[in-house]
Amino acid sequence: MRLTDTMSGQALEVEPLRAGHIGLYVCGVTPYSASHIGHAMSAIVYDVLVRYLRWPGNRAGGYEVTYVSNYTDVDDKLIDRGAELGIDPLALANANIEQWEREQAALGLLPPDVRPRVSTEIPAIVALIERIIAHGHAYSTPAGNVYFRVQSKADYGKLSHRSIEQLRTGTRFEPGEDKEFALDFALWKAMKPGEPHWTSPWGEGRPGWHIECSAMSQRYLGDTFDIHGGGIDLVFPHHENEVAQSEAATGRPFARLWVHNGMVLRDGEKMSKSLGNFVTVEDALARWSADAIRVFALSSQYRTPNNLTDDALEAAGRAVDRLATALEAKSTAERGAPSVDASEARARFVEAMEDDLNTAQALAAMFELARAINRGRDEGMDIAAAQHALYELAWVLGLRLERESVTTAIDATALAEAASRFGVAAGAEAETVEALLARRAEARAARDFATGDAIRAALDGLGIEVKDTPQGAEWTVRG
RNA sequence: GGCCACGUAGCCAAGUGGCAAGGCAGAGGUCUGCAAAACCUCCAUCACCGGUUCGAAUCCGGUCGUGGCCUCCA
């Protein structure tokens, strides 16, 4: 499979370091507040990448994947926020992580194999900083800070395609900083009162922002590993600094391939915590199904920005219904009837996914399969195998394609009234509805369509949709 | 100002040299007592200008516009 690599700017073939195995590291969130759709978008993209890599149906026959994604639970924003709210920053991080993990499950995101946190990886971080210092690429200061010496790495800027000279313009020393050079960045920050702190060779303090990802990725995946991913806004400075630190410590290449997903926009502007224009995952899940959110995220190429609008989500929801309907279609095929052939759609799906995770085109293949299934059903063909294939492809994209479970309660009083109006005994909810439908069937059989339609209208008023099928009436409650 | 993307139908969006995928919405039709679903048909000369080519949405140059990064950010 090919993926666009940010470092080279080229779509590169994924060639595992170790045959049949892929190591993937993805930058997770800094849990200082609730997660928003942008985080979901990113998580969905890498979730689909992992699902596809593991899928035996891919061109390589399926890889074993070690998927590592971190939580940055020690950070300036967490400390600031904690101070604002008067709670311990680690407790705040914990609470937000717990919520995000519930939301991840709701979004159908497969849990990463390892979810390291800064607070539990301090020894690895300290050890890494020591190696960087030993190689002359970092220095400690009397105040107890450790900085990375940017100018010691000739290739600094190679990921984000900029030079130290370019970056230098407009960068100034902040007052009171004890760096050698304005672009040098902190690997270790000396303790300030009231902040979380750990013991280190440089005194009490805490890790800087970028070092944790170097330490965690290398600890769990090795000095060099296959794929590193994250949001495109992390390219500089976060990932640039990660490369510099990691390669400074090991003298070996860091990630072999860098994948970056595009941002979610809201009203054409980047959605971010700092701009405050975000839609939280919680709010989104209250309005739209997980499948709809996924289809929204996957209907464009992962690198292009995705503008979140109500229309787009509603359209995605209807698109999901279309796939779900094809999956639910009941076969009327006689024994020995010809089968709907899914192999073409499947091949197109695979080809799309192999080509830089082209989920938009993969979805198109699924819609074509859905149409073939519906047509096949109308023509009395055997659709079971094709439905199974569609279900399998849906799994790869993480779509459940199940009807939403009933969440809206039916107004019991109104239902009982309807029952008495049409001369039916009221009992348990489902029984009453079934009794009303039986009454309607009688009326229709007697060609008393006025009564039949009145019952349909009454049920519709209660949020119950009635659908006539050759097997009789079916009913569903609108969610 | 520097670096990187992008501009395709009413909306979302794929397509990187050879008759413009797919979804949503819309129009017409089939089926149905009705309704829903489904199926069939229809709906774009690809921001603008110039160039390369037998041939360009696709390559090159320019113009205009949008977004991201250059400070925390998925």
Side-chain angles (χ1 to χ4, degrees), chain A residues 6 9 26-30 32 35-46 69 72 75-77 80 157 160-163 165-172 174 183 209 229-238 240 260-265 268-275 278 295-296 298-301 303-309 311-323 325-326 328-329 348 352 355 358-368 370-371 373-379 444 447-450 452-453 456-457 460 465-470 473-474 476:
Chain A
T6 305
V26 177
C27 284
V29 302
T30 300
Y32 71 89
S35 293
H36 58 65
I37 288 291
H39 302 120
M41 164 89 188
S42 184
I44 288 167
V45 166
Y46 298 105
S69 187
T72 300
D75 163 90
D76 291 351
K77 290 218 155 150
D80 294 347
S160 57
H161 308 112
R162 42 196 109 181
S163 65
E165 214 32 62
Q166 277 169 2
L167 288 163
R168 202 176 173 170
T169 325
T171 308
R172 286 182 195 173
E174 295 294 322
L183 290 174
W209 176 34
I232 201 166
D233 56 347
L234 295 178
V235 173
F236 189 90
H238 186 57
E240 190 67 63
H260 290 102
N261 64 279
M263 299 291 98
V264 175
L265 311 180
E269 213 181 354
K270 180 184 167 185
M271 186 185 291
S272 74
K273 291 189 191 175
S274 38
L275 285 174
F278 55 86
V295 166
F296 164 74
L298 299 174
S299 65
S300 68
Q301 219 280 339
R303 271 175 296 121
T304 57
N306 212 347
N307 197 15
L308 176 71
T309 62
D311 284 352
L313 261 299
E314 273 154 34
R318 297 216 177 95
V320 167
D321 284 345
R322 186 170 169 74
L323 294 175
T325 301
E328 284 170 358
R348 195 182 156 197
D355 183 13
N358 193 333
T359 49
Q361 223 171 97
L363 276 168
M366 290 172 64
F367 285 113
E368 274 165 13
R371 177 179 285 110
I373 289 168
N374 289 329
R375 195 190 296 135
R377 177 208 50 200
D378 288 354
E379 292 169 359
R444 292 177 70 214
R447 302 197 68 77
D448 174 11
F449 295 120
D453 288 348
R456 174 199 287 285
D460 190 73
E465 267 176 63
V466 177
K467 197 164 115 181
D468 290 317
T469 75
E474 290 177 3
T476 50

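Atom set for the values below is all heavy atoms of this structure, side chains included, hydrogens, waters and symmetry mates excluded. A, B, ... follow the sequence lines: proteins, then strands. Residue 1 opens every chain.
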Among B/A74, B/C70, B/C39, find the nucleotide with the atom closest to the side chain of A/Pro237. B/C70
B/G22 base stacked by A/Phe367 (centroids within less than 5.5 Å, tilt under 30°): no
Under 3.5 Å on both distances, the Watson-Crick or G-U partner of B/U30: B/A38
Checking all strands, does A/Asp311 fall into the base, sugar-phosphate, or nothing category for heavy-atom contacts under 4.0 angstrom? nothing
Residue met sooner reading RNA chain B from 5', once A/Leu234 and A/Ala370 are mapped to nucleotides: A/Ala370
Hey, does the side-chain of A/Arg444 have a donor or acceptor N/O within less than 3.5 Å of a partner on the base of B/G33? yes
Over all strands shown, is A/Gly28 touching base, sugar-phosphate only, or nothing at heavy-atom distances under 4.0 angstrom? sugar-phosphate
Provide, to the nearest angstrom, the distance between the CZ atom belonging to A/Arg318 and the C1' atom belonging to B/A37. 14 Å
Could you tell me whether A/Ser160 contacts a base, only the sugar-phosphate backbone, or nothing, with contacts defined as non-hydrogen atoms closer than 4.0 Å? sugar-phosphate
Going by modelled atom types, is there a donor-acceptor pair between the base of B/C34 and the side chain of A/Arg456 at under 3.5 Å? yes
Distance check needed: B/G68 P versus A/Met271 CE, whole Å only. 12 Å
For A/Arg348 and B/G15, give me the distance from atom CZ to atom P, rounded to whole Å. 11 Å
Assign A/Arg162 to base, sugar-phosphate, or nothing according to its heavy-atom contacts below 4.0 angstrom with the strands shown. base
Assign A/Ala315 to base, sugar-phosphate, or nothing according to its heavy-atom contacts below 4.0 angstrom with the strands shown. sugar-phosphate
Just to be sure I understand the rule, does A/Glu368 reach a base, reach only the sugar-phosphate, or reach nothing, if contact means heavy atoms closer than 4.0 Å? sugar-phosphate
Quick check for you: among B/A14, B/A74, B/A36, whose closest atom lies nearest to any side-chain atom of A/Ser42? B/A74
Reckon A/Val26 touches a base, only the sugar-phosphate, or nothing at all at heavy-atom distances under 4.0 Å? nothing
Here the distance between atom C1' of B/G7 and atom CD of A/Gln301, to the nearest Å, is 16 Å
With a 3.5 Å cut-off and just heavy-atom distances, do the side chain of A/Asn306 and the base of B/C12 make a donor-acceptor pair? no
Any donor-acceptor pair under 3.5 Å joining the side chain of A/Asp453 to the base of B/G33? yes
Rounded distance in Å - CZ (A/Arg375) to P (B/A38): 13 Å
Give one of base, sugar-phosphate or nothing for A/Met366, where a contact means two heavy atoms less than 4.0 Å apart. nothing
Mind checking A/Gly230 for me? I need base, sugar-phosphate or nothing, with any heavy atom below 4.0 Å counting as a touch. sugar-phosphate
OP1 or OP2 of B/G23 sitting under 4.0 Å from any side-chain N/O of A/Arg371? yes
Categorize A/Asn307 for me: base, sugar-phosphate, or nothing, with a 4.0 angstrom heavy-atom threshold over every strand shown. nothing
Return the pairing partner of B/C43 with a 3.5 Å limit on both distances, Watson-Crick or G-U wobble; otherwise return none. none
Under 4.0 Å between a side-chain N or O of A/Lys467 and OP1 or OP2 of B/A38? no
